[in-house]
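To keep things clear, I will list the structure first and then write my remarks on it.
No hydrogens, no waters, no symmetry mates; every other heavy atom, side chains included, goes into these values. Naming convention: chains lettered A, B, ... in sequence-line order (proteins, then strands); numbering from 1 in each chain.
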Amino acid sequence: MTTRTSIVRTRFAPSPTGYLHIGGARTALFAWAYARHHAGQFILRIEDTDVARSTPEAVQAILDGMQWLGLAHDEGPFYQMERMDRYREVIGQMLAAGTAYHCYTSIEELDALRAEQEANKEKPRYDGRWRPAPGKTLPAIPPGCSPVVRFRNPADGVVAWDDLVKGRIEIANAELDDFIIARADGTPTYNFCVVVDDSDMQITHVIRGDDHVNNTPRQINLLQALGAPVPRYGHVSMILGDDGTKLSKRHGAVSVMQYEENGYLPEAVLNYLARLGWSHGDEEVFSLEQFVAWFDLDHITASAAQFNTEKLNWLNAHYIKLADDARLGGEIVRRLVKEGVPAGKVPDPALIAALYKDRVVNLNELADCAHPFYASVQASEELTAQHLTAPAQAALAELRTRLANVAWVAAELAQALKATLAATGLKMPQVAIPLRVALLGQPQSPAIDRVLAVLGREETLRRLDQILA
RNA sequence: GACCCUAUCGUCUAGAGGCCUAGGACAAUACCCUUUCACGGUAUGAACCGGGGUUCGAAUCCCCGUGGGGUCGCCA
């Protein structure tokens, strides 16, 4: 451990070619938490050098996702497309220093080379035909062909680093080739931009997905060629789908904002993601603040983790129970209005939330539960036939009379219900279930007296009259 | 094919050579609670990939095998 007080600087560097997916969100969470834990800085960088696939919508989607999760950055967002001058400057320096060189091999030639190597069951790699060497005669420069710039990768030795999550990793330079750092049109490529940025932005800890392990030795070599300090690296494993295969669209929700739409609370998603591949003893449920206080890279699992919607659901249900009624009420209204249901002030959505919050798994279910309070829901014929029988209707008529004059609070409503039972000789379910079907269009609900209290006298009587008419 | 990573209940994981008769959580099952359905409570079943070492002692360390994942672009 260094005694120098070096501030921790981490970054999240997505490329804006789509939404913020769940795996990226977890990587971002870990990088963010690591910076927060060490009172350092978290930088957001948009890697948009792939002009063909990058879109402003995707940038916005990433920003939205980060904001919804509450992962605020301290610097940025920096856009790589705005840093072209800087990249060109560094490429010029490398060309001048001889750590990079021009290569005139055409795409066709490269394809042929690759095909040949694959046919020989070799690892496809550039053969170094334009790499300058003492006493070597380079091919004649083909006319009308603009060159790419390649990095002069060390020919031998090994690149090694102590990965913060995987431990020591060593890769032989012989496995690496002289990769392209600038295309024929002069634009820089990924590995190069990352290195210049991580260096310029003084990133101390690169926390990123597992899929970048193979880029790391190239980046370390580049950094060293540039004489720049090498950050620490931590490669977080991937998240697999529910079925153990690579996460993709067919797994349903992969975008973070899809979870918002599906009725998940950000704190539930955060807690779930934090616990997926990281642990703090037996702790399962904890706040973001607690997570930041506990988080370290030592307890991240090195292997891939399978996503488990059931556990996320459990956490979501837990956080819904904890959530403030007014907040849940707002979610109810927002979601119902989006579906064209005239949800509003009466009944108070917060009261409905209080009634249903400990029985739903997500916000959409909560909204569904609230739906019949704002718009009468017709029971199916089957339910009507089954529950609104003649004796049941008689009991409801009996109850309706009592309800007309009772004080509209749950305790009094319960009394009216009991008096109806006494008068008709029926058991509670024999009245309560028809009543639920009559009022809400469904045979299950929370305690019926509480439902009545929230529905209100006017609406309750109106719906009863409609059934009894 | 080459290279890299990885391997504990169905799933997420605890486990840093003796605390392990392997712990917790989700899911499952059973029971309790109950004004229906849920919620909640209690209980039960469920795992160290295989083979070799090292050691007095291995889930933990090493090697091999096997399974899984990743990477091999003028994509990021």
**Request:** Report yes if a side-chain nitrogen or oxygen of A/Arg436 is closer than 4.0 Å to either non-bridging phosphate oxygen (OP1 or OP2) of B/rA38; otherwise report no.
**Result:** no

**Message:** Regarding A/Gly209, tell me which of base, sugar-phosphate or nothing describes its non-hydrogen contacts under 4.0 Å with the strands shown.
**Reply:** nothing

**Message:** Nearest to the A/Tyr190 side chain among B/rG1, B/rA76, B/rU35, which nucleotide is it?
**Reply:** B/rA76

**Sugar-phosphate only, base, or nothing, as touched by A/Ala305 at under 4.0 Å among non-hydrogen atoms** = sugar-phosphate

**Item:** Protein-nucleotide distance (A/Asp210, atom CG; B/rA7, atom C1'), rounded to Å
**Value:** 14 Å

**Request:** Please measure how far the P atom in B/rU11 lies from the corresponding atom in B/rG68, and state the result in whole Å.
**Result:** 14 Å

**Asked** Counting only distance, no hydrogens or angles, is the base of B/rG24 paired donor-acceptor with the side chain of A/Glu284 under 3.5 Å?
**Response** yes

**Request:** Quick one: do A/Lys121 and A/Glu116 satisfy salt bridge (Lys or Arg N to Asp or Glu O under 4.0 Å)? Show the steps, please.
**Result:** CA-CA 9 Å; A/Lys121 307 224 181 244; A/Glu116 186 191 325; over 6 Å; no

**Fill in**
pair_partner(B/rU55), Watson-Crick or wobble, both distances < 3.5 Å, evaluates to none

**Asked** Which part of the nucleic acid does A/Lys121 contact within heavy-atom distance under 4.0 Å: base, sugar-phosphate only, or nothing?
**Response** sugar-phosphate

**Asked** Expressed as a whole number of Å, how far does the P atom of B/rG40 sit from that of B/rA22?
**Response** 28 Å

**Request:** Could you tell me whether the phosphate oxygens of B/rG73, OP1 or OP2, come under 4.0 Å of any side-chain nitrogen or oxygen in A/Arg114?
**Result:** yes

**Prompt:** With the threshold set at 4.0 Å, does a side-chain nitrogen-carboxylate oxygen contact exist between A/Arg327 and A/Glu267?
**Reply:** yes

**Request:** Take A/Asn271 and A/Tyr319 through the side chain to side chain donor-acceptor pair (under 3.5 Å) test and state the conclusion after the steps.
**Result:** CA-CA 10 Å; A/Asn271 195 154; A/Tyr319 282 106; 2.5 Å; yes

**Prompt:** So what does A/Ala432 hit on the nucleic acid, given a heavy-atom distance under 4.0 Å: a base, only sugar-phosphate, or nothing?
**Reply:** base

**Asked** Base, sugar-phosphate alone, or nothing: which one does A/Val213 contact when heavy atoms must sit under 4.0 Å apart?
**Response** sugar-phosphate

**Item:** Closest nucleotide among B/rG24, B/rU35, B/rC4 to the A/Asp449 side chain
**Value:** B/rU35

**Request:** Remember a base hit wins even if backbone is also touched, and classify A/Thr49 as base, sugar-phosphate or nothing at under 4.0 Å, heavy atoms.
**Result:** sugar-phosphate

**Prompt:** With a non-hydrogen cut-off below 4.0 angstrom, is A/Lys321 in contact with a base, only sugar-phosphate, or nothing?
**Reply:** sugar-phosphate

**Request:** Remember a base hit wins even if backbone is also touched, and classify A/Arg125 as base, sugar-phosphate or nothing at under 4.0 Å, heavy atoms.
**Result:** nothing

**Prompt:** Rounded to whole angstroms, how far apart are CD on A/Glu108 and C1' on B/rC74?
**Reply:** 11 Å

**Request:** Identify, between A/Ala414 and A/Leu110, the residue whose nearest nucleotide on RNA chain B lies closer to the 5' end.
**Result:** A/Ala414

**Request:** May I ask you to say what A/Ile107 touches in the nucleic acid, namely base, sugar-phosphate or nothing, with a heavy-atom cut-off under 4.0 Å?
**Result:** base

**Message:** What's A/Pro217 touching, base or sugar-phosphate or nothing? Going by heavy atoms closer than 4.0 Å.
**Reply:** nothing

**Fill in**
Any strand, both distances under 3.5 Å, Watson-Crick or G-U wobble: B/rU29 pairs with B/rA43

**Request:** Give one of base, sugar-phosphate or nothing for A/Thr105, where a contact means two heavy atoms less than 4.0 Å apart.
**Result:** base

**Prompt:** Is it true that A/Glu398 and A/Arg402 make a salt bridge, defined as a side-chain N closer than 4.0 Å to a carboxylate O?
**Reply:** yes

**Request:** With A/Arg150 as the cation and A/Tyr126 as the aromatic partner, state whether NZ or CZ is under 6.0 Å from the six-membered ring centre and within 45° of the axis.
**Result:** yes

**Message:** Please confirm whether the shortest side-chain N or O distance from A/Ser279 to OP1 or OP2 of B/rA14 is below 4.0 Å.
**Reply:** yes

**Request:** Write down the distance separating the C1' atoms in B/rG57 and B/rG17, rounded off to the nearest Å.
**Result:** 7 Å

**Message:** Run the side chain to side chain donor-acceptor pair (under 3.5 Å) test on A/His235 and A/Asp210 for me, step by step, so that the C-alpha distance in whole Å, both residues' side-chain angles and the decisive distance to 0.1 Å come before the verdict.
**Reply:** CA-CA 5 Å; A/His235 290 94; A/Asp210 214 344; over 6 Å; no

**Message:** Does A/Glu310 reach a base, just sugar-phosphate, or nothing at all? Heavy atoms under 4.0 Å.
**Reply:** sugar-phosphate

**Asked** Which part of the nucleic acid does A/Asn215 contact within heavy-atom distance under 4.0 Å: base, sugar-phosphate only, or nothing?
**Response** base

**Asked** Is it true that A/Asp178 and A/Arg125 have a side-chain N and a carboxylate O under 4.0 angstrom from each other?
**Response** no

**Request:** Check every strand shown and say whether A/Asp163 touches a base, only sugar-phosphate, or nothing at a heavy-atom separation below 4.0 Å.
**Result:** nothing

**Prompt:** Is the distance from OP1 or OP2 of B/rC74 to the nearest side-chain N or O of A/Thr189 less than 4.0 Å?
**Reply:** no

**Prompt:** Which comes earlier along RNA chain B counting from the 5' end, the contact point of A/Asp298 or that of A/Glu47, where each point is its nearest nucleotide?
**Reply:** A/Asp298

**Request:** Would you kindly check whether a donor in the side chain of A/Asp282 faces an acceptor in the base of B/rG23, or vice versa, at under 3.5 angstrom?
**Result:** yes

**Message:** With a 3.5 Å limit on both atom pairs, tell me what B/rC3 is paired to, counting Watson-Crick and G-U wobble, or say none.
**Reply:** B/rG70

